[in-house]
Asker: 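One structure follows; several queries about it will come next.
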Amino acid sequence: MQGRSFLKWDRDLVTKCLLVIQVVYFLWLELQGGSTNTFVLATYGAKVNVLIANGEWWRLITPIFIHIGWTHLLLNSLTLYYVGILVEPLIGSAKFAIIYLLTGVFGNVASFAFNNSISAGASTSLFGLFGLLVAFGRIFPEQHIVRSLSQQFKLLVLVNVFFGFLNQGVDNFGHLGGLISGLMLAWLIVPLKSNRVSPLLRVGLTIGLIGLFILLYWLGLVRVVSQN
């Protein structure tokens, strides 16, 4: 069966490490003055557009591990655990870590481009994992479990995006950035020896991802300049 060496059940070490990191980070913020305190969030790495435009590019990464309030932490931690123990064993720990970080960054740069508010949370990466599972339903249609998961997460994505646009407190652009990048990266992490993804598609997706990142970052810079 093609893809057997790729779709294999293994460990969930990275998932557990990510959970520990975000809980420890949250407790640190609480000790510094509270995870809902805007000054604390801005000081310790939340997405702040003006600061990113001023060169603090690392704020496209750190928000992945920051949560605003106990409810935010609990919901994202439960989601990460549930999705992580499905996806990480499926693709392997190294690819899981790469996808988690890259989709989180894409989500944050999309938020930088379209959302003025300070924001943080693992949901950018979580939507990236959702996108990965949705795409796998197309890449591996003969895999019953994968196809079933893909169908379930399609519905989950639609519901979350719909209600996200109804709730002003949700960074839906960040979610969409993570989702779209997850959909695209799913095709790129399939092993090169597999004939499921053509070389031309790989090149096109790689160029598309790089171009999308540059475009979103440029839009974010333009918005910050135009507002100041």
Side-chain angles (χ1 to χ4, degrees), residues 14-15 17-22 25-26 29 41-68 72-73 76-77 79-80 83-84 87-88 91-135 157 160-161 164 170-189 202 204-224:
V14 171
T15 297
C17 288
L18 290 170
L19 285 168
V20 170
I21 290 171
Q22 65 188 36
Y25 209 151
F26 180 84
L29 294 180
L41 289 169
T43 301
Y44 292 100
K47 190 222 72 173
V48 180
N49 288 0
V50 173
L51 296 180
I52 293 173
N54 286 339
E56 296 185 10
W57 55 266
W58 46 269
R59 289 181 183 273
L60 297 175
I61 303 172
T62 50
I64 299 171
F65 307 102
I66 297 174
H67 291 86
I68 305 171
H72 192 207
L73 174 68
N76 276 354
S77 294
T79 304
L80 171 57
V83 181
V87 178
E88 184 180 352
I91 65 175
S93 296
K95 287 187 175 73
F96 178 81
I98 291 170
I99 292 293
Y100 192 85
L101 290 174
L102 285 181
T103 55
V105 168
F106 263 93
N108 287 325
V109 79
S111 177
F112 174 54
F114 299 111
N115 180 13
N116 293 328
S117 302
I118 185 171
S119 63
S123 53
T124 50
S125 294
L126 296 176
F127 268 79
L129 298 179
F130 296 166
L132 184 85
L133 285 172
V134 170
V157 166
N160 274 275
V161 170
V170 174
D171 187 357
N172 225 22
F173 288 109
H175 293 174
L176 288 172
L179 175 68
I180 292 169
S181 60
L183 288 167
M184 297 173 73
L185 285 165
W187 298 83
L188 291 176
I189 64 170
R202 291 181 190 272
L205 287 171
T206 301
I207 294 173
L209 279 166
I210 295 172
L212 179 60
F213 180 86
I214 294 172
L215 174 62
L216 291 171
Y217 193 80
W218 176 78
L219 286 173
L221 292 175
V222 169
R223 282 171 60 85
V224 171

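Note that the numbering runs from 1 along the sequence shown for the chain.
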Asker: For His67, is there any backbone N or O sitting under 3.5 Å from a side-chain donor or acceptor partner on Gln22?
Answerer: no
Asker: Is the shortest side-chain heavy-atom distance between Phe26 and Ile66 below 4.5 Å?
Answerer: no
Asker: Any sub-3.5 Å donor-acceptor pair from Lys47's side-chain atoms to Thr62's backbone N or O?
Answerer: no
Asker: If we only count heavy atoms from C-beta on, is the Leu188 to Leu209 side-chain gap below 4.5 Å?
Answerer: yes
Asker: What I want to check is whether the side chains of Asn49 and Arg223 have a donor and an acceptor closer together than 3.5 Å.
Answerer: no
Asker: Report the distance from atom CD1 of Ile214 to atom CG of Leu212, rounding to the nearest 0.5 Å.
Answerer: 10.0 Å
Asker: From Phe130 CZ over to Ser125 OG, what is the distance, rounded to the nearest 0.5 angstrom?
Answerer: 11.0 Å
Asker: With rounding to the nearest 0.5 angstrom, report the CG to CG distance, Leu80 to Leu129.
Answerer: 7.5 Å
Asker: Above 12 or not: heavy atoms from other molecules or residues under 6.0 Å from CH2 of Trp58?
Answerer: yes
Asker: Nearest 0.5 Å, what's the CG-CD1 distance between Leu132 and Ile91?
Answerer: 5.5 Å
Asker: Does the pair Phe65 and Leu18 meet the rule for a side chain to side chain contact (heavy atoms under 4.5 Å, CB included), with working shown?
Answerer: CA-CA 8 Å; Phe65 307 102; Leu18 290 170; 3.7 Å; yes
Asker: Enumerate donor-acceptor pairs with a distance under 3.5 Å from any side-chain N or O in residues 98-110 to protein atoms, sequence neighbours excluded.
Answerer:
residue, atom, partner, partner atom, Å
Thr103, OG1, Ile99, O, 2.6
Thr103, OG1, Tyr100, O, 3.4
Asn108, ND2, Leu60, O, 2.9
Asn108, ND2, Gly104, O, 3.1

Asker: Can you tell which of Ser119, Ser123, Ser117 makes a side-chain hydrogen bond (donor to acceptor under 3.5 Å, both in side chains) with Asp171?
Answerer: Ser119
Asker: Verify side chain to side chain contact (heavy atoms under 4.5 Å, CB included) between Leu219 and Phe114, making sure each step is shown before the conclusion.
Answerer: CA-CA 8 Å; Leu219 286 173; Phe114 299 111; 4.0 Å; yes
Asker: Which heavy-atom pair separates Ser77 from Leu19 by the least distance, and what is that distance?
Answerer: O-CD2, 3.4 Å
Asker: Using ring pair (Phe, Tyr, Trp, His ring centres under 6.0 Å), reason through His175 and Phe127 one step at a time and then give a plain yes or no.
Answerer: CA-CA 6 Å; His175 293 174; Phe127 268 79; 4.3 Å; yes
Asker: Would you compute the distance between atom CD1 of Ile52 and atom CZ of Arg59 and round it to the nearest 0.5 angstrom?
Answerer: 7.5 Å
Asker: Can you measure from CH2 (Trp57) to OH (Tyr217) and round to the nearest 0.5 angstrom?
Answerer: 10.0 Å
Asker: Would you list the atom pairs, donor with acceptor, under 3.5 Å between side chains in residues 179-187 and any protein atom, with sequence neighbours excluded?
Answerer:
residue, atom, partner, partner atom, Å
Ser181, OG, Gly177, O, 3.0
Ser181, OG, Gly178, O, 2.9

